[in-house]
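Reading through the structure tokens given below for one structure.
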Amino acid sequence: MGRAHEVRAAAMAKTAAAKSKLYSRYGKELLIAAKAGVPDPEMNLGLKRKIAEAKANQVPADVIKRAIEKAKGGTGENYDSCRYEGFGPGAATIIIDCLTDNTNRSVSAVKTCFNKEHCKMGVAGCVSHSYDNVGLFNFPYEDEEGMLDALIMAEVNVIDIECEDGTMTVTVDPTDFHKAKEAIDALIPEVEYDACEITMLPQEYVKLESEEDKESWNRLLTMLDDCDDVQKVYHNVEAE
């Protein structure tokens, strides 16, 4: 199956997850983006991009506003970003991004998840070399030529465009994320995104064959999702 299928499957899994987890994740990311410059999206491109991403993922306006107001108020709330990589059952690989105010707590929590499923947590770079960092958009649309023309006119570095079952998946250079979103919004007014984010996509997907591996993998993902510090999880396991 193509990448569009995997993106849709991931988007469906995301909508089934607890909304509070999603809102908490974006609240932290918006706070960090706002504190990295001025808390004004018109003067802070990173914040503007993060707000657009949050809105596309149905994050309520009050969650966005609250995070920006926190930054304006000079809150002492700070988070460090950290990434962990490792190997799951079979040929599964996984990348875990965290935002935390206590790195010792986050590494301990992630390591515990790996250990419980007899999986191996690796060193930095052991997995990420086989993933691509991209701006990702997934939405209902079929005109590949029209989309490519619009993105080229917006001077977007397009990596790939794929259509499958009436759904288009566009991947772009992450530095062009905001330009690409503006071009898509202009071409398709009121477009509804299934995915709209900067993410890590595996260069190849794998399939877990045994029921034991599938069960272990699902338990690992569930435990990681339950970790408060875990922001995003990327992996190369093909959706069922």
Side-chain angles (χ1 to χ4, degrees), residues 1-19 21-23 25-26 29-30 46 48-60 63-64 92-97 128 130-207 221 225 230-240:
M1 294 184 180
R3 178 169 282 184
H5 169 80
E6 299 304 330
V7 170
R8 282 204 308 280
M12 289 170 65
K14 183 168 60 180
T15 59
K19 292 293 184 182
K21 176 77 174 180
L22 183 70
Y23 300 163
R25 166 190 152 189
Y26 274 105
E29 292 182 0
L30 286 160
K48 188 174 184 178
R49 188 193 76 194
K50 187 55 62 178
I51 290 172
E53 185 180 324
K55 287 180 177 178
N57 284 280
Q58 287 79 53
V59 175
V63 174
I64 297 171
T93 61
I94 188 166
I95 299 172
I96 303 110
D97 281 348
S128 54
S130 60
Y131 286 68
D132 296 319
N133 183 218
V134 300
L136 172 70
F137 304 90
N138 186 254
F139 48 90
Y141 199 63
E142 293 184 283
D143 184 0
E144 289 187 43
E145 186 175 342
M147 179 58 62
L148 182 59
D149 287 345
L151 293 171
I152 290 174
M153 287 294 292
E155 299 183 338
V156 172
N157 182 6
V158 180
I159 297 172
D160 188 36
I161 295 179
E162 179 184 351
C163 282
E164 189 175 305
D165 299 331
T167 298
M168 179 173 287
T169 299
V170 176
T171 50
V172 304
D173 188 296
T175 60
D176 288 342
F177 177 87
H178 188 66
K179 287 196 296 184
K181 186 177 183 302
E182 286 187 334
I184 296 169
D185 289 346
L187 182 65
I188 319 169
E190 299 183 7
V191 59
E192 293 188 6
Y193 294 96
D194 293 319
C196 175
E197 60 187 342
I198 291 178
T199 188
M200 299 286 286
L201 289 181
Q203 293 162 8
E204 291 186 10
Y205 287 93
V206 300
K207 188 172 184 177
L221 292 182
D225 187 58
V230 171
Q231 287 291 101
K232 298 179 183 178
V233 174
Y234 314 107
H235 62 77
N236 68 339
V237 176
E238 186 176 291
E240 289 294 316

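Taken from CD1 in Ile188 to OH in Tyr141, the straight-line distance is 5.0 Å, to the nearest 0.5 Å. Note: Thr175 OG1 to Ile198 CD1 = 8.5 Å, rounded to the nearest 0.5 Å. Rounding to the nearest 0.5 Å gives a distance of 10.0 Å between CD of Gln231 and CG of Leu22. Summarising the geometry, atom CD belonging to Glu29 is positioned 9.0 Å from atom CG belonging to Asp97; distances are rounded to the nearest 0.5 Å. Taking CG of Asn138 as the start and CG of Asp194 as the end, the distance is 5.0 Å to the nearest 0.5 Å. One distance of note links CE of Met168 with CG of Asp143; it measures 6.5 Å at 0.5 Å rounding.
Applying the side-chain hydrogen bond (donor to acceptor under 3.5 Å, both in side chains) test to Glu182 and every residue at least two apart in sequence or in another chain returns His178. Listed by chain and number, the residues in a salt bridge (charged side-chain N to carboxylate O under 4.0 Å, His left out) with Lys181 are Asp185 (sequence neighbours excluded). Residues that satisfy the ring-ring contact (aromatic ring centres under 6.0 Å, His included) test with Tyr234, not counting sequence neighbours, are absent from this structure. Qualifying ring-ring contact (aromatic ring centres under 6.0 Å, His included) partners for Tyr131, counting only residues two or more places apart in sequence or in other chains: none.
Ile161 places a side-chain heavy atom less than 4.5 Å from the side chain of Leu151. Between Ile64 and Val59, the closest side-chain pair of non-hydrogen atoms falls below 4.5 Å. The side-chain heavy atoms of Ile184 and Met147, taken from C-beta on, include a pair separated by under 4.5 Å.
Of all non-hydrogen atoms in Val237 and His235, the two that sit nearest each other are N-ND1, 3.1 Å. Among all heavy-atom pairs drawn from Gly146 and Leu187, the shortest one is O-CD2, 4.0 Å. Nearest approach of Cys196 to Glu53, heavy atoms of both residues: O-CG, 3.1 Å. Between Gly135 and Phe177, the shortest heavy-atom contact is CA-CD1, 4.1 Å. Lys50 approaches Leu30 most closely through the heavy-atom pair CG-CD2, 3.6 Å.
Put simply, the side chain of Gln58 gets close to the backbone of Ala56: a donor and an acceptor are under 3.5 Å apart. When atom types are taken as modelled, the side chain of Asn236 and the backbone of Thr93 share a donor-acceptor pair closer than 3.5 angstrom.
A perpendicular orientation is assigned to the rings of Phe139 and Tyr193, their planes being inclined by more than 60° (bins at 30° and 60°).
A salt bridge (Lys or Arg N to Asp or Glu O under 4.0 Å) check over residues 169-180, counting only residues at least two apart or in different chains, returns the pairs Asp176-Lys179. Within the structure, the ring-ring contact (aromatic ring centres under 6.0 Å, His included) test picks out no pair touching residues 142-169 (sequence neighbours left out).
Shown here is Lys55, whose NZ atom has no more than 12 heavy atoms of other residues, nucleotides or ligands within 6.0 Å.
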Please assess Leu221 against Val233 for the test side-chain contact (heavy atoms from CB on, under 4.5 Å), listing each intermediate value before the final yes or no. CA-CA 8 Å; Leu221 292 182; Val233 174; 4.1 Å; yes

